[in-house]
There are 2 protein chains.
Amino acid sequence: MSESCSSCAAAGSCNTESCSSAPQLTKAQKASNVKKVIAVMSGKGGVGKSSVTSMLAVSLMRQGYKVGVLDSDITGPSIPKIFGIKERAGASQGGIIAPTSRGGIKIMSLNLMIENEDDPVILRGPLITQVVNQFWTDVIWGQLDYLLIDMPPGTGDVAITIFQSLPINGVVMVTSPQALANMVVRKAIKMVRNYEPPIYGLIENMAYVQCPDCNKKIEVFGKPQGEAEAKRSSLPFLGALPLDPVLATLSDEGKIEDYQSPEFDQIALNLAEQIKQGNENIFA
Amino acid sequence: MSESCSSCAAAGSCNTESCSSAPQLTKAQKASNVKKVIAVMSGKGGVGKSSVTSMLAVSLMRQGYKVGVLDSDITGPSIPKIFGIKERAGASQGGIIAPTSRGGIKIMSLNLMIENEDDPVILRGPLITQVVNQFWTDVIWGQLDYLLIDMPPGTGDVAITIFQSLPINGVVMVTSPQALANMVVRKAIKMVRNYEPPIYGLIENMAYVQCPDCNKKIEVFGKPQGEAEAKRSSLPFLGALPLDPVLATLSDEGKIEDYQSPEFDQIALNLAEQIKQGNENIFA
């Protein structure tokens, strides 16, 4: 039973196929079956949403899942570059064909539809949200275990549209150690709690830099506070990640799929546990 | 002669006061005289626009100028926290009264209008741009030498509105060493070039971290490339800034006005030179 049926008097006895209230699926949607949609969000820009989204996609792919990434940051898209995708998105009668990374991750981003990756997309909210909606309705995602959504900064148009229109199963929150970042991330957490999806937990990115010469852990954005911050917002703490120059370099080279991070592997396990428990709402 | 007069047939012989085409000024605008409006932008989130805006405001204040900061990042406002402002914005018959920092910088931000600093602002584009416009038209800025605008990430609603509706004199671009960031910043540069304001130059933030133990300069986001990037976009390079834990801590404590940075002092001088030369358009 779809969510829209739950308030219908005939629920349970109807024939969904012939129901006039049932949402009309596009050709692309009929050709797709996405099992779980997870949004990666922070509210704040530059804390590493795109890195976390990409690492999570790679981690799930390595575990044998079929994965897609929907880059909903229309005016500042990072995903294609991180995965080194030069191919443009294609089109067929059935919908938009998303390019695939070397490892087999399906990717859709505005930067796969424009000629030069650094051409600006100067669009106002209604058009931007239309693009995001189309990435959901018109892309032939096919059979996917996980579709990850890389969210833009802010709690404006795109975030509102995604939580109102897309069937998000849960949200991963990303922050950095600055109190300033945490303040903005709390805005995002409060926003999500106005909608249905549970928040699986909080990841603290850029927690420290390790000096390659003397191994000192330098807390560049101040003392890590992710665990306390998660507690404050009654969220599971999924783990902390260092600020790693290797990740920056591999991302710039489009080789995120070659990146190894024991810290992230642990975070992915913690997240899988939260998803499996399915008890996310007890934290809300 | 105002900009709107330049295309008028009666330009030069008219009485602006009685001209029906002349923009209607609000009470707050009549009570204000802002000499220069500078936008600090990057397109990318988290590269330090708010830090640079704040450091620039402090630097100008120290030089004896009267300075204001308009925080146009409505859904992710950082400025009040960086300056430690707890006071709310006031209202009078003449308009909105902006709080003042300890050092005397006038500040307007959405976070000065809501009860809790971490309450989300869940607004779509049209309302967000209306707020930004009101921060320009309805705040009693008074006599200012410089009004700095801290821009949100992206080239969407707020950026479009600011370049279409506010009398921006010039733009300061901020980037970080990642090729990924530079790609997005180039989008912003191309966007600005669709409008009138010149770009004064490019600042590379977070260029390196200095290890407090062994003094090694760690290039956490990869090799600094600000100078090459500025050249590529035919922009003056204003300088590079380290990722400084002291700045992060002072920003979290609301004490940006206590921060000293010889690197930034030099950048401020370079910027002043660009503004003074008034030859910004030769780079476009």
Side-chain angles (χ1 to χ4, degrees), chain A residues 43-48 50 73-78 81-82 117-126 128-129 152-157 159-160 176-184 186-191 194 209 211-214 216 218-222 243-245 248-249 251-253, chain B residues 43-48 50 73-78 81-82 117-126 128-129 152-157 159-160 176-184 186-191 194 209 211-214 216 218-222 243-245 248-249 251-253:
Chain A
K44 180 92 178 65
V47 299
S50 302
D73 193 349
I74 303 303
T75 69
S78 302
K81 199 172 178 70
I82 291 178
E117 64 172 14
D118 54 9
D119 280 348
V121 177
I122 309 170
L123 295 179
R124 288 196 179 269
I128 288 180
T129 54
T155 52
D157 284 286
I160 299 172
S176 72
Q178 272 204 274
L180 197 55
N182 284 320
M183 176 194 75
V184 179
R186 282 200 296 276
K187 286 178 186 276
I189 293 170
K190 285 188 178 180
M191 178 199 187
N194 285 320
V209 175
C211 178
D213 281 8
C214 69
K216 185 181 171 69
I218 312 163
E219 293 168 348
V220 276
F221 288 111
L243 184 50
D244 183 357
T249 305
S251 297
D252 277 356
E253 292 173 349
Chain B
K44 180 90 178 68
V47 299
S50 302
D73 194 349
I74 303 301
T75 68
S78 302
K81 197 171 179 73
I82 292 178
E117 64 172 14
D118 54 10
D119 280 349
V121 177
I122 309 171
L123 295 180
R124 289 195 178 271
I128 288 179
T129 56
T155 52
D157 284 286
I160 299 173
S176 72
Q178 272 205 276
L180 197 56
N182 284 319
M183 177 194 76
V184 179
R186 282 200 296 277
K187 287 178 185 274
I189 292 171
K190 285 187 177 180
M191 179 200 186
N194 285 320
V209 175
C211 178
D213 280 8
C214 69
K216 184 181 172 69
I218 312 164
E219 293 167 349
V220 277
F221 288 111
L243 184 52
D244 183 357
T249 305
S251 296
D252 276 356
E253 291 172 351

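Every heavy atom of this structure was used, including side-chain atoms; hydrogens, water molecules and symmetry mates were not. By convention in this document, chain letters (A, B, ...) are assigned in the order of the sequence lines, proteins followed by strands, and residues within each chain are numbered from 1.
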Residue pair B/Asp252, A/Phe221: steps toward the side chain to side chain contact (heavy atoms under 4.5 Å, CB included) verdict: CA-CA 10 Å; B/Asp252 276 356; A/Phe221 288 111; over 6 Å; no

Steps toward side chain to side chain contact (heavy atoms under 4.5 Å, CB included) verdict (B/Asp157, A/Asp157): CA-CA 10 Å; B/Asp157 284 286; A/Asp157 284 286; 3.8 Å; yes

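Of the listed residues (B/Val121, B/Ile189, B/Ile160, B/Thr249), the one with the most heavy-atom contacts under 4.5 Å to chain A is B/Ile160. Looking only at heavy-atom pairs under 4.5 Å with chain A, the residue among B/Glu219, B/Met183, B/Glu253 that has the most is B/Met183. Highest contact tally toward chain B, considering only A/Ser176, A/Pro126, A/Ser78, A/Gly43, is held by A/Ser78 [criterion: heavy-atom pairs under 4.5 Å]. Across B/Gly48, B/Ser50, B/Cys211, B/Ala159, the residue that shares the most heavy-atom pairs under 4.5 angstrom with chain A is B/Cys211. Among the candidates A/Asp119, A/Leu243, A/Val209, the residue making the largest number of heavy-atom pairs closer than 4.5 Å to chain B is A/Asp119. The most heavy-atom pairs under 4.5 Å with chain B, out of A/Ala188, A/Pro177, A/Cys214, come from A/Cys214.
Contact of the A/Thr129 side chain with the B/Arg124 side chain is registered, since non-hydrogen atoms from C-beta on lie closer than 4.5 Å.
For a residue to count as touching a neighbouring chain, one of its non-hydrogen atoms must lie under 4.5 Å from one of that chain's; by this rule B/Gln178 touches chain A with backbone and side chain alike. With a 4.5 Å cut-off on non-hydrogen atoms, A/Ile218 touches chain B through its side chain but not through its backbone. Within the 4.5 angstrom heavy-atom criterion, no atom of A/Pro152 approaches chain B. Neither the backbone nor the side chain of A/Val47 comes within contact range of chain B; no heavy atoms are under 4.5 Å apart. The contact between B/Asn194 and chain A is made entirely by side chain atoms (from C-beta outward), counting heavy-atom distances below 4.5 Å. If you measure heavy-atom distances from A/Glu117 to chain B, the contacts under 4.5 Å come from both the backbone and the side chain. Using a 4.5 Å cut-off between heavy atoms, A/Lys190 contacts chain B through both its backbone and its side chain.
In terms of heavy atoms, B/Lys44 sits closest to A/Gly46 at NZ-CA, 4.2 Å.
The structure places NZ of A/Lys81 at 7.0 Å from CG of B/Leu180, a figure rounded to the nearest 0.5 Å.
A/Lys187 contributes no side-chain N or O that, together with a main-chain N or O of B/Asp118, makes up a donor-acceptor pair within less than 3.5 Å.
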